[in-house]
Protein chains: 2
Amino acid sequence: MATIKDVAREAGVSISTVSHALSGKRPISEPTRRRVLEAVERLGYRPNWNARSLASRSTRVLGLVVADISNPFYPTAARGVEDVAIQHDYSLIICSTDGDERREREYIDVLEARQVDGIVYMAGLAANRRLAELVARGGIPVVAADEQLRDLDLPGVFLMNERAGEMVADHLVALGHRRLGFIGGPRHLPTVGERLAGFVAGTASHGLPVADECVIYADNRAEGGQVAAAVLTALDRPPTAVFVANDMMALGVLEHCRSSGLAVPGDLSVVGVDDLPVARLVGLTTIHQPMYEIGATAARLLFEILESGGHPAPVRVQPELVVRSSTGPPLDRISDLEARAQLAVR
Amino acid sequence: MATIKDVAREAGVSISTVSHALSGKRPISEPTRRRVLEAVERLGYRPNWNARSLASRSTRVLGLVVADISNPFYPTAARGVEDVAIQHDYSLIICSTDGDERREREYIDVLEARQVDGIVYMAGLAANRRLAELVARGGIPVVAADEQLRDLDLPGVFLMNERAGEMVADHLVALGHRRLGFIGGPRHLPTVGERLAGFVAGTASHGLPVADECVIYADNRAEGGQVAAAVLTALDRPPTAVFVANDMMALGVLEHCRSSGLAVPGDLSVVGVDDLPVARLVGLTTIHQPMYEIGATAARLLFEILESGGHPAPVRVQPELVVRSSTGPPLDRISDLEARAQLAVR
DNA sequence: TTGAAAGCGTTACCAT
DNA sequence: ATGGTAACGCTTTCAA
């Protein structure tokens, strides 16, 4: 592997000239520059980033921690982060913690050891001290995206989760639902609590409660949704509509309905959050999250800190309800309407 | 940020003692070791990986290049690579080229500049010289996964694509289809060609051709499938069944059918390849690829090279047909059967 | 069992 | 416009 030294020798100039010819950090005569570039080409020289980082005390690398890269939400958000990073001539290390605390802890260490210039945290969990310590040390700026971290109050970009819950409540109540359910990921996640709070507030504003037994917490993924749906539909008085705190879980709910012969939306209306690409394919009514923008904004926030320090205020993004075919009037409501229509005819 | 020097001072020992206490590369007396560890803890010391790599000439980092991280195929494969990497105490840089040549070129440079110890290549494209040059220089071993690289003959792990095509052909012909179509990504991709070849060979063995106008190449993603399906179904004599070279495109085909009111499988049977998680949700018949295993095997291959050099033989994995609800007898065939059944009744 | 010192490939500063 | 050289933080000889 050719080094800067080899290039210098090949081009017949000093090391520092090569360095500057490549970085453009000081004027270089055109012929010299050309000779250097030719030597680079001939030797297939690629500057060693480790050495560069070591000498310059900046790695030009950002860390991105996501909860589960196989949730389609993250790749898009990651792309947002990455594009902004690339604009700033940075690159990205993506760490998928898979909801596993040990793994998450290790990744934090890796990112710190790698001396990344900053971290975008999109993993929710972080129950562990590791991140708190890192933040406390203050060496590496961290911004959160999508999910605020418990007890940490990082700068970041978040969906207006309460608003999202309200919108869903309005939609379902308007359709005629009276018995409503909620399915969410682990209860300690701020987003889950906020979405539920908004949902409850929304239904309450129409004079409707959300019964305790109709609120189920489960694993954050499709399987969790499936399990929760089974519990919910087995109730004596099952809800006619359910708000599911994210699309992956909502897909699980749909799967449960399919496999147990429940009609959607006839027997159960389902609303998710995220608007994953697959939501369109399966006709899932959901709250749209601007995933790419959330990632990009988080990255911009990070560069803002990197460049001018400080603790920028959190950015809150507007939810948007996308109505598809997984929501409709409840069955009893339909027969009700039909009955009235018939009365009218007479 | 505390350095090894700080730790040495704090613990009252030399730098090399700290280094060895941490790496365990030479015997250290218990009390000394403890003092060092305490100092590390107190200062929150994290070894600088750049410096370490520079000094030891090994980064313990692998590069993973994927075509499109938002294709659910990749995360799972990536997980396979990552798990094996972690077992070897390596970490992973994931690069998503997005099918963009410029981006791909840049990433290759990044990985080389970062001095990764090896690269798993899962992106197909690589029409560019960059990778060829890198391979030619021979500094960094590269293995391919899922898609062999044109003109490069890397060690790697691949699906038996011809076999997959044959299996699909057998399945569709057995259902009674006579007019068959094929939709694939860019024709220069080896997998696409191989899957088509197997498909054609399979139908031929039943005495059936695949008409030229029924073979469509398009963009590798869902949108491409949608476009291709539109072309195919607009034909004078459209096929009654189509083999789509990957699930994302197949989802696009399904989407086209839905939006244009075509029944699946009544009007068109659809088979994909990959068996993405979403395939189950939408009931897509498809060829199962062991994604995780493909990734893990590729990583193992890479470590094999790293440890003992050489050029291991390519690993080929068996395809498996998963029949779901997107395939069935063609409509005319159904009426045909019904007609016969009625005849039988009389 | 420990310490000193020579690199590793760059950048950045001080000269010229 | 160019060259020399001291860092950067660590690993790895070589000595003791």
Side-chain angles (χ1 to χ4, degrees), chain A residues 1-37 39-40 43-61 89 109-117 139-140, chain B residues 1-37 39-40 43-61 89 109-117 139-140:
Chain A
M1 201 118 289
T3 75
I4 198 172
K5 226 166 165 175
D6 301 321
V7 176
R9 191 178 330 105
E10 178 85 9
V13 296
S14 77
I15 285 183
S16 28
T17 299
V18 174
S19 173
H20 289 117
L22 260 32
S23 71
K25 288 202 178 174
R26 77 183 187 191
I28 298 283
S29 77
E30 201 37 43
T32 310
R33 157 187 230 77
R34 204 189 339 273
R35 289 230 310 288
V36 171
L37 262 27
V40 165
L43 299 173
Y45 166 75
R46 301 275 183 283
N48 180 327
W49 256 14
N50 294 308
R52 175 179 286 183
S53 306
L54 192 56
S56 65
R57 257 158 303 258
S58 156
T59 52
R60 299 194 86 79
V61 173
D89 214 25
D109 282 352
V110 166
L111 292 177
E112 200 171 4
R114 282 272 202 66
Q115 313 270 112
V116 296
D117 290 352
I140 304 179
Chain B
M1 201 116 288
T3 75
I4 198 172
K5 223 166 166 176
D6 301 322
V7 176
R9 191 178 331 107
E10 177 85 9
V13 298
S14 77
I15 284 183
S16 33
T17 299
V18 174
S19 173
H20 289 119
L22 259 31
S23 70
K25 289 203 178 174
R26 76 183 189 194
I28 298 282
S29 77
E30 201 37 43
T32 310
R33 156 188 230 76
R34 203 187 342 273
R35 290 231 308 290
V36 170
L37 262 27
V40 165
L43 299 172
Y45 167 73
R46 301 273 185 283
N48 180 327
W49 230 350
N50 295 308
R52 176 177 286 182
S53 307
L54 193 56
S56 65
R57 262 156 299 256
S58 155
T59 53
R60 298 193 87 80
V61 173
D89 215 25
D109 283 352
V110 166
L111 291 178
E112 200 173 2
R114 282 273 203 64
Q115 314 270 113
V116 296
D117 289 353
I140 304 179

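Since we're looking at a predicted model, the values are computed, not measured. Proteins come first, then strands; the chains are lettered A, B, ... in the order of their sequence lines, and each starts at number 1.
- Note on residues 10-27 of chain B: pairs passing salt bridge (charged side-chain N to carboxylate O under 4.0 Å, His left out), not counting sequence neighbours, are B:Glu10-B:Arg42.
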side-chain contact (heavy atoms from CB on, under 4.5 Å) between A:Ile140 and A:Glu112, worked out: CA-CA 8 Å; A:Ile140 304 179; A:Glu112 200 171 4; 4.0 Å; yes
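- An angle of 40°, rounded to 10°, separates the two end axes of the helix from C:dT1-D:dA16 to C:dT16-D:dA1, each defined over five pairs.
- Once you apply a 4.0 Å limit to the heavy atoms of chain A, the touched nucleotides of DNA chain C run 5' to 3' over C:dG9 to C:dC14.
- Among residues two or more places apart in sequence or in another chain, the side-chain hydrogen bond (donor to acceptor under 3.5 Å, both in side chains) test is passed with A:Ser19 by none.
- Residues forming a side-chain hydrogen bond (donor to acceptor under 3.5 Å, both in side chains) with B:Ser53 (at least two apart in sequence, or on another chain): none.
- Looking only at distances, no side-chain donor or acceptor of B:Arg46 sits under 3.5 Å from a matching main-chain atom of A:Ala113.
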Apply the test side-chain contact (heavy atoms from CB on, under 4.5 Å) to residues A:Asp89 and A:Arg60: give CA-CA distance (whole Å), side-chain angles for both, the deciding distance (0.1 Å), then the verdict. CA-CA 7 Å; A:Asp89 214 25; A:Arg60 299 194 86 79; 3.9 Å; yes
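- Atom C1' of nucleotide D:dT13 and atom NZ of B:Lys25 are separated by 13 Å, given to the nearest angstrom.
- Applying the side-chain hydrogen bond (donor to acceptor under 3.5 Å, both in side chains) test to B:Ser23 and every residue at least two apart in sequence or in another chain returns nothing.
- Looking at residues 1-10 of chain A, you'll see A:Thr3, A:Ile4 sit with a heavy atom under 4.0 Å from some atom of DNA chain C.
- Here B:Arg33 pairs with nothing under the side-chain hydrogen bond (donor to acceptor under 3.5 Å, both in side chains) rule; sequence neighbours left out.
- B:Trp49 places a side-chain heavy atom less than 4.5 Å from the side chain of A:Val110.
- Among residues two or more places apart in sequence or in another chain, the salt bridge (Lys or Arg N to Asp or Glu O under 4.0 Å) test is passed with A:Asp6 by A:Arg9.
- If you take CD1 of A:Ile28 and C1' of D:dG3, they are 11 Å apart, rounded to a whole angstrom.
- Every side chain to side chain contact (heavy atoms under 4.5 Å, CB included) that A:Leu22 has, sequence neighbours left out, goes to A:Val18, A:Val36, A:Leu37, A:Val40, A:Tyr45.
- Residue B:Leu54 places its side chain closer to D:dG9 than to any other of D:dC10, D:dG9, D:dT12.
- Taken to the nearest 0.5 Å, the CD1 atom of A:Ile28 stands 7.5 Å off from the NE2 atom of A:His20.
- Remark: B:Ser29, B:Thr32 in residues 29-36 of chain B come within less than 4.0 Å of DNA chain C through at least one heavy atom.
- Summarising the geometry, atom CG belonging to B:Asn50 is positioned 11.0 Å from atom CZ belonging to B:Arg52; distances are rounded to the nearest 0.5 Å.
- In summary, the side chains of B:Ser14 and B:Ser16 do present a donor paired with an acceptor at a separation below 3.5 Å, with no hydrogens or angles considered.
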Pairwise N/O distances under 3.5 Å, protein to nucleotides 4-6 of chain D:
from	atom 1	to	atom 2	distance (Å)
D:dG4	N7	A:Ser16	OG	3.1
D:dG4	O6	A:Ser16	OG	3.1

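- Between B:Thr17 and B:Arg57, it is B:Thr17 whose nearest contact on DNA chain C lies nearer the 5' terminus.
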side-chain contact (heavy atoms from CB on, under 4.5 Å) between B:Val61 and B:Arg114: does it pass, once the steps are laid out? CA-CA 9 Å; B:Val61 173; B:Arg114 282 273 203 64; 5.8 Å; no
